[in-house]
Structure formats: structure tokens, C-alpha cells
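In what follows, a single structure is set out as C-alpha cells and then discussed.
Fair warning: this is a prediction, and the values are worked out from it, not measured in the lab. Letters A, B, ... are given to chains in the order of the sequence lines, protein chains preceding strands, and every chain is numbered from 1.
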Amino acid sequence: MALHKDDVLKIAHLARLQLAEDEIPATTERLTSILGLIEQLQAAPTEGVAPMAHPTDAIQRLRDDQVTETNQREAYQQIAPAVEDGLYLVPKVIE
Amino acid sequence: MHNQTLKALSEALANGQVSSEELTRHYLERIAQHDPQLNSFITVTQEQAMTQARAADQHRAAGKATPLTGIPIAHKDIFCTQGVKTSCASRMLDNFIAPYDATVVAQLAAAGVVTLGKTNMDEFAMGSSNETSFYGPVNNPWDTDYVPGGSSGGSAAAVAARLAPAATGTDTGGSIRQPASLCGITGLKPTYGRVSRWGMIAFASSLDQAGPMTQTAEDAALLLNAMAGFDHRDSTSTDIEVPDFTADLNRPLDGLRIGLPKEFFDQGLDAEVGAVVQAAIAQYEKLGATLVDIELPNTHLSIPAYYVVAPAEASSNLSRYDGVRFGYRCADPMDLEDLYKRSRGEGFGDEVKRRILIGTYALSAGYYDAYYLKAQKARRLIKNDFDAAFQQVDVIMGPTSPNAGFKLGEKAADPVSMYLSDIYTISVNMAGLPGISIPAGMSQGRPVGLQIIGNYFDEARLLNVAHRYQQETDWHAQLPAAFA
Amino acid sequence: MSWEVVIGLEVHVQLATRSKIFSGSATTFGAEPNTQASLIDLGMPGVLPVLNAGAVEKAIKFGLGIEAEIAPRSVFARKNYFYPDLPKGYQISQFELPIVGMGHLEITLEDGSSKRIGITRAHLEEDAGKSLHEDYHGMSGIDLNRAGTPLLEIVSEPDMRSAKEAVAYAKAIHSLIRYLDISDGDMSKGNMRCDCNVSLRPQGETEFGTRREIKNVNSFRNVEKAINAEIEWQMDELESGRAIEQATVLYDPVKDKTFAMRTKEEANDYRYFPDPDLLPLEVTEQTVDRVRASLPELPAQKIERFQAELELSDYDARVLAADRVLADYFETVVAVSGAKPKLCANWVSVELLGALNKNDLEIDASPVTAEQLGGLLKRIADNTISGKIAKQIFEELWNHGGSADQIIESQGLKQETDTSAIEAIVDEVIASSPDQVAQYQAADDKKRKKLIGYFVGQTMKASKGKANPQMVNEILAKKLG
């Protein structure tokens, strides 16, 4: 299945990835060849086969409802690009 | 000193023949001297290493030493190390000083290990050649024109060149075993769930597993003893007893049933590599093992299924890199969308972007059933193949990689041909089984690995099988002349 | 044309756990920004979620409360989208396999009748953080304290036919979650938030019309107003011959209008898939039985008991059982006073709720406690005071506190029950009202019943309200012949 430029731009938007105009042809071509590889799956005899999401058949373990964390804001915000008054700053959010 | 195994160094430390301070300084000097030819380290934690070494020596003096106390090792730069840059070889995390330790790092530190630094890798562990690193490729110590394999290429090259006695790695589709094979070292990918994933930066959560990269199986057992174990912070970690992996290393192999999957010896396999693997298998026969021809008929599905599952999980795992709370942020974003798109567009390299795009596509409306669900079903078929095989055999053997590696840049323009070189390793991750690669010979001056695959949580058996071979051969003891 | 309104609600309830759904951070409301945001809540590289047993238990309680099946196996999925208050770029939620299956809830309509509303499902998920829009040099501030707070999203069937029904349903959910003690349900704090799906169709049509979803409505009053505003808008559109386009809208209470939030081409593709960091959640029968055994009496059971055991009317029982705190208050009053439940019901639902409403107070903030009110009604029951005096004392209790007995004592309000004393007053009244006496004696039985009121009034007035009204009636009847 061949991808087109518009498909790639749509996916890139969903993934919030900027692609430079000159990157698009090569990206499109390589994605198409990867999809060609993936297409081989379609021949797999998977009727009646249960999907496998995890390698082991274990079930989810539960945590006791206890507070175990303390305030580490200062340490965590030291590595943040932009903070003020304890808040992370981003360009204006418009709803 | 550097041509000693971790086991030998452990004994030397215990006997007082050497101090951790001396040992650590020696390896730091080797890194300074030789790493410019290899580029296997992203960060060398010189001062911290010396402080840890002195502390280890004091610990030992106080009679509180473990077999790993004072042993210097290197961590793949995918493990969070508190206060030390943890980059995942990405521009995205070039400025990321991890605020906490990964469980693997914390457990090894608790066992007294000294950290020399953080090793180079493919960006976010996506690659089989170590060429996708933001910090430049790693060279194979056996021939610096060749790739070391990936994604744990820095760890493999560093151990092969004896810039560290051992290192940690992670394996999502072969990322420990393939570089171990190409660099001539021992690399173990444990069973999924054996080693905690807490603090190990996620690539594909249902496939990722950390493991040791060492000179010998015995060293791997020593390191795994400290790495393995249930972790309440990782829901996918398995609450199962951890044996002493060194206990059964010498168990005789009489009656060992070795499965040889015909799919691992087909036309895609390089003839010289095939010959090396056959010779190794013959050695096992001499050790008393019996050979069983088996089939893993869905092996051909493993690469296509992997290139749906891994990118799908990765596309979601990597959404947190948005320039808001940590990591790279583009300059002067015009608005929110610009912040996201440019931070991610500029912060991620080409291969990472490609995989995010593939994964996003595979999960998007209208394609989920055809790609993601289909791949998960194929994954079940692959696992069923192995389950059936392990009804008949104790271990499965074959090549780790279809060839003895390729030149830097050779496959850079053709991602698919690169992907295909992981054909023998990927199915093991899809099933969640343990696998080990050990040096078994040479092809045109470069090492060739033998892969041994075990049943779930049967790492002790894998290590035993690998160790017995290493008692009979010395491929694992060879090191590249330039780094002798 | 006449239109039928079709409404379905998605109610998000914050579960009152101590810690977050996937991390050990506190969930205290109103903490300093980002002081309750741990590595996990911040979506740091390498972190992993572990599910909170408390959140699971509370979801099971809710499921049992709506008589739903608790899924023996449910799965957490990732809902992928980018937003600054969503640190990981995905929300962990349940998609294909929710923990709570189909259930239902009875609602009480204004005319006193009840209606069953279907609940399609309820699932566990994590809340997002908050974007603060105050101006930080043209930037917004992000507070992730709320990120990871456990939410139960409760999805109803499109069973409601008016804004009033929708409000009644929202109130029934509110009542239930408070009964179950799984959430404060405080809408002003965002503990409970409603998304309302509204569509119209011609009367008699069986297909649904295109719906629009009003997001994040934060009070019962606004649920009603927003839905009515939306109905009005949709009706105008349809009657002008325009088709409704599916959309997400917000309600502006100031303008009393809904307005579209996202345009169609921005429609999200959430790329749901099972979260590989979490394993399937299994709930065993033993767990369900254990939770069932811990359930309190629920509103429907309480209404039934109030009618059967306390002989309350259906209406009184519904009013009093609507809220767990109110029901507990009422039952305390009954126990302390020893008075007839009907008397207690009247006092709680008329006097107390009237006073609370007038002062805009909730039952848990009532200045008069159940013990105080019970003490007051005890004195009506044992004839120490009359109902009229009791109202006077209630006001005293409301404004100045204390106990009914103290007030009766200090203000000398004890009822006069001495026959001779009452007779003396009655004699005086009769003596000073010769015209009325003559009129009374000339009248037939029917008229007499009306006329005696005058004498009762005069006697009560002369006794400063303290004479026992029943005795006054009896003595008057006897003396007037």
C-alpha cells in the first residue's frame, strides 16, 4: 500500500511531528516500504486466534491505597524548560 | 588487569590483590585512551565513579562486600541515573538529568557496583547498528569500519574493547544479543518480567527487557543475580523466586535436548556464519547433548508483526516528550501546536520519527484491526510455536544474526533491509522468552554469535548451557588486537 | 412540528481515594500547584503505573449500587491525544472492557412518580491536570496536582426526555455516590462533572437525531439550564430547516447559550489500544461478595424501609432518603425524640429543610444538629410544649444554640396541663365573650366546629400559648355545652 504526501502529513499531525518540506518525499518513500513489509501479515492464518497483548498471562496486581509520595516540586522543576509560581508554562491554551 | 573476567576481578578484589579505586581508575584511563576510536560512551562519570569506588573499598574493609562490590560497570544510557544525564542518545533528552534511579541501577548500586558512565546506543533503542544515536555512531572494536550492532552497541563495544568489565543493556527485538554477537561478547536477554522496567526508558513496553552484557556466561549470572527480581513499581514484573544463577553453571549437559529450527538455517543465513553455528552445535554434541529438528513455522511473521507492535507502543510511549515538563523545547514557539510539532520534530531523529509515524498509522481509525490486532494475533502464533517446541526440547539454538555485521552507512538508506537482520532475535521478544548470545567463532575477522533460547524463566539453564561451552572454548576470551 | 428531546449523560465522578489511581501521590484538594505531582503523574521517562486497590473497590461498589454486572476481567487502554494537562500524551482509561457493565437507577420526577434510567457502563480512568489561563507573559500555567486522580465515568442510556429528568438523574447519581461513600460529589470542586448529550427528533420518530455534547457542566442548575439552552438552539435550527452537525459544545451561563468547542475537521483520532504497562484487571467473585457485604443501605432500600417500618408516605420517604446525610439526620431525630416518625419527617422536611434552603446551607452545615432537634421533638411528644412553641424554640436553637430543655426552662415555656388552671382561663374567656357564647349555643354542630376556634384562640392567647391545645379544646367543648 503506497502512502501519499497527504497521508503522511495527516499522520505527522496526529503525532505532532514537524516534517520539513524536503523531508517529506524520502519519509513517504520509506514509510511505504515499511508498510510493504508489514503487509506480509495479511497472509497470516489468524482466524480464531486470541490477540496477545502481553508475553505472560499474569493479571494486574493492586497497590494499597496509601500516600507514599512527598512533595518534590523543586527537584522535578529544575529540569523543566519553563516554570513560574510552581506552574509549567506553555503557549496560551485556547479551548 | 582489563583482560580479566568480572568473576576474576571479583576474586582479586576479595583477595585484596586490587582495590576498587585502582580498578576503577584503570578502566577510566582505558576509556580516556581508547574511547575516541569507538564513541561507546555518552557520559563518563569519572568523579562519581571514584567516590563510589572508595566507598566500595570501605564497605569491603568493613566486611560488607558482595561479589559485585567495587566492580566497575557501564550502564546503557536508557537507564535513569539520578543526577546524571540520561539521554537515550536523543537530542530530546540531551539536557535531561534524571531525577531518580532505575530499579536496575539502584539494585546494582546496592550490590556495590561502581558506575563508570553511560553508554551510547541507538536513539530510544530504535536501531540495529547504533547509527541513529544523536551522539554519532559507535565503531565495532574488531573493525572500526563496521557497526557494533544495536541498539546496545555502546555497551557491547565497551565490553568487547574491555573499557568496562561488563555493562547493562536492553533488548526489545535483539538489542542485547545482536550487538553481543557482532562484538564477540556474551549478552543475555532475560524472560519478560524477570528484570524490572522501572526507570528504563520505554521503547516498546510489552517487549523491552534489561539484561547483562559481559565477557562470559558466568559473569552474566553474577550480574543477573543483582539485576533480577520482582519490583512492586512495575506491574509487568513477575513475582517469581529468583534463583542463584551461578549455582547450576557446571551442571553436565548429558541428555540436553537442543532444538534446531529449520527456519533459522534457511537461505537468508550467511554461509560462514552458518558454519560457525554448526561447529558450535557439534561441540554441544560432544558435551552429551542430543539434537532435535524442530519447526517454528510462524517465524516469518515475527518481523512484520514486530514492526506493528513495537512502533505502535513506541508512538504512544514517546508522546510524553512534548517540551513541557522536561527535555528539549524548541525556541520561541508561536503557539501550542508549534511547541509540540517543532520540539518533537527537532528533538527526535529520523528513525524515531519514522517509527512514531508507522505506529501512529497502525493505531489510527480504520487500520487498528488490520494492523495492530492482526499483529497481536500473529504474536500468539509465534508464541504457540515456541510452546510446542519446548514440549520436545530444553533449549533452542541457532545464529543470533544472519551475518557477521555490516559496514557503517551500508544500510542507513534502507531501513527495511536493516530490520530484516533481526530475523532470529525478534521472535524471542514477541514470545517473551529468554535468549543469550555467546561468541562461537569468527567470520572474516569479525565475531559470530550463537543464540540459545530457553523456556520461560529458565535463565539458569541458558547460563549453564552457555557456561559449559565456554569451559571448552575460548572465543569469549578473545579481544580485538587494537584494544589488547 | 413537535419534537421529542433525547438526553444521555456521561457523569465523571472523582473517587475519594487517599492516593492517585496509578501513583502514591496524595489527592488533597487545593494544594499548592504541582506539589502533588510525582514522577508518575508528571509522565517522566521510565515511570510505570500500578493500579490502586481503593479505586477498584469504589468502582465495584458503584456497580453493585446500580445492580450492574462487575466484569470478571477488564482492561486498561490508552487514549492518545496531545494536551498540556495530559502529561503522558495519553490518558489511561477503560475502553472495550469496562469494570462495570449494564445497570440502572430509579429517578424521582417532580410529580412524585419514578422512572428507570439505564446505565450503559462505568469505567475507571485517570483525571487530567488543569490549565490555568491567567496570563503568564502570554503563556498558560499547568498544574498537574489533579492529574492521575481516579475517575469513574458513568455513561447513561439515552433515556431522559427533558432537562428536568436529566437533573433528577444527576441528583440520583450524586445521592448514590454519597451513600456509597465513594466520592464527595462536590460539583463546585469538580468532584462530579456532567457531559450532556442532547438530540431532538420529531415526535413519534424512532431513529435518534444527531446529538451535540455539552462538556463539563458543573452544577445541577447548569445541567438544566444548559440542556434547555441547547434544546432551544437545536429546535431553532431544525425548524429553520438546517441539519444539526455532531459537535462538542460548552455552556456559557452568563449568556445562557451553548457554543461549539471544536470544529469537525479537528475531530480526534484517539488511537485506543490496550496499555502494555498494565495487565488485565481480574475481579473475583469473592472480592465482589466482600464488597457487597460492606455496602450500606442504599436509597431504594431506605425508601422502602421508611415506608414499611416508619409508615412514611412515599413522598416523605423519597425526600428524606435522597441524601445519605439527611437520612441519617432524620433517623437520629426519630431515635432521640421517640416521637412519631411522621412528626419527625414533617419537622425535618418542612422546618429544617425550609430553614436550610432559606439560608442556602447544606444539611451537613445545619446549625441545628439532629440531637438538638430530637430533643425538641421529644418535648412535643411528651406534651411538654405545643407545636407552636416548638417553632419558637427551633428558631432559638438555630440562632443561639443550646438545648430545647434549657430554653423551655429558662423562658418558662412549659405547657400548661393542669386542668384547673386551664379551666380558670377558659372560664374567663367565656365570661368576657357573651355574644360569641350565644352565637355558639344557637349554632348546629357543623357551625360550632368553626366557631369554637375563636374560643381556642382566645384561651391560647390568654395562656401565652402555653395551654395544651388538646385540653383547651376538650374543656371548651364541655363548658360551652
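Using modelled atom types, one finds a donor on one side chain and an acceptor on the other under 3.5 Å when comparing B/Asp122 with B/Thr132. Side chains of C/Gln94 and C/Ser74: a donor on one and an acceptor on the other come within 3.5 Å. Counting only N and O atoms by type, the side chains of B/Asn120 and B/Ser133 include a donor and acceptor under 3.5 Å apart. Inspection of the C/Arg193 and C/Asn218 side chains reveals no N or O donor paired with an N or O acceptor under 3.5 Å. Side chains of B/Thr119 and B/Asp77: no donor on one and acceptor on the other come within 3.5 Å. A donor-acceptor pair shorter than 3.5 Å can be found between the side chains of C/Glu125 and C/Ser93. In the model, B/Tyr135 has a side-chain atom that pairs as donor or acceptor with a side-chain atom of B/Asp94 under 3.5 Å. Looking at B/Ser237 and B/Ser196, their side chains never bring a donor and an acceptor atom within 3.5 Å of each other. Between the side chains of B/Thr103 and B/Asp231, at least one donor N or O sits under 3.5 Å from an acceptor N or O. Checking B/Lys76 against B/Ser151 by side-chain atom types alone, a donor-acceptor pair falls below 3.5 Å. Using modelled atom types, one finds no donor on one side chain facing an acceptor on the other under 3.5 Å when comparing B/Gln209 with B/Asp171. A donor-acceptor contact closer than 3.5 angstrom is absent between the side chains of B/Lys118 and B/Ser87.
Ion pairing between C/Asp275 and C/Arg78 holds under the 4.0 Å rule for side-chain N and carboxylate O. Ionic pairing of C/Arg290 and C/Glu57 is present here: one or more N-O contacts between side-chain nitrogen and carboxylate oxygen are shorter than 4.0 angstrom. Salt-bridge annotation for C/Arg121 and C/Glu69: absent, with no side-chain N of the basic residue lying under 4.0 Å from a carboxylate O of the acidic one. The pair C/Glu213-C/Lys215 meets the salt-bridge criterion, with a side-chain N (NZ, NE, NH1 or NH2) lying under 4.0 Å from an Asp/Glu carboxylate O.
Residues from residues 280-287 of chain C never place a non-hydrogen atom less than 4.5 Å from a non-hydrogen atom of chain B. For residues 37-50 of chain C, heavy-atom neighbours of chain B at less than 4.5 Å comprise C/Leu39, C/Ile40, C/Leu42, C/Gly43, C/Met44, C/Pro45, C/Gly46, C/Val47, C/Leu48, C/Pro49, C/Val50, sorted by residue number. Below 4.5 Å, heavy atoms of chain C meet heavy atoms from B/Glu313, B/Ser316, B/Asn317, B/Ser319, B/Arg320, B/Tyr321, B/Asp322, B/Arg325, B/Phe326, B/Arg329, all part of residues 313-330 of chain B. Applying a 4.5 Å heavy-atom cutoff, none of the residues of residues 16-36 of chain C approach chain B.
If you measure heavy-atom distances from B/Ala312 to chain C, the contacts under 4.5 Å come from the backbone alone. Residue B/Leu336 touches chain C through its side chain alone, counting heavy-atom pairs closer than 4.5 Å. Heavy-atom distances place the side chain of B/Phe96, and not its backbone, under 4.5 Å from chain C. For C/Asn80, the part sitting under 4.5 Å from any heavy atom of chain B is the side chain, from C-beta outward, and nothing else. Residue C/Tyr81 does not touch chain B at all, counting heavy-atom pairs closer than 4.5 Å. For chain C, the nearby parts of B/Ala365 are the backbone and the side chain; heavy atoms of each come within less than 4.5 Å.
Between B/Phe79 and B/Trp198, the ring center distance fails the sub-6.0 Å criterion.
Within 6.0 Å of CG on C/Asp289 lie more than 12 heavy atoms contributed by other residues, nucleotides or ligands.
Test B/Thr170, B/Asp208, B/Thr236 against B/Arg197 for side chain to side chain donor-acceptor pair (under 3.5 Å) and you get one pass: B/Thr236.
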